[in-house]
Asker: 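Handing you a structure now.
Numbering of residues begins at 1 and proceeds along the displayed sequence. Quick note: numbers below take in every heavy atom, side chains included, and nothing from hydrogens, waters or symmetry partners. Quantities reported herein were computed from a predicted structural model and do not represent experimental measurements.
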Amino acid sequence: MPARSTLLQRVSERRGVRQFVKFGIVGASGFVVNLVLFSLLQLIVPNRTGAVQFYSMYSVAFLAGGVSN
């Protein structure tokens, strides 16, 4: 009698599903890098309430998240 595979096993063996999960993991890691770096910059940068400082901090964090991906 052949072993019956579960629905989860059959779905996980499909190439598209694996690629989608990998894509999600990479995207989530970039988001975490972005969030952590932006939070750290908010603690470090003086006068962080100014628009220029805020946009600069966000730009640096965004680029770091993109580079990490």
Asker: Residues in side-chain contact (heavy atoms from CB on, under 4.5 Å) with Val36, at least two apart?
Answerer: Val32, Leu40
Asker: For a quick test of your reading: what N or O donor-acceptor pairs under 3.5 Å do the side chains of residues 55-69 make, sequence neighbours left out?
Answerer:
residue : atom : partner : partner atom : Å
Ser56   : OG   : Val52   : O            : 2.7
Ser59   : OG   : Tyr55   : O            : 2.8
Ser68   : OG   : Gly65   : O            : 2.8
Asn69   : OD1  : Gly30   : N            : 3.3

Asker: Please round to the nearest 0.5 Å and tell me the distance separating atom OG of Ser29 and atom CG of Asn34.
Answerer: 11.0 Å
Asker: Under 4.5 Å between side-chain heavy atoms, counting indirect links through other Ile/Leu/Val/Met/Phe/Trp/Tyr residues: same cluster for Val33 and Phe38 or not?
Answerer: no
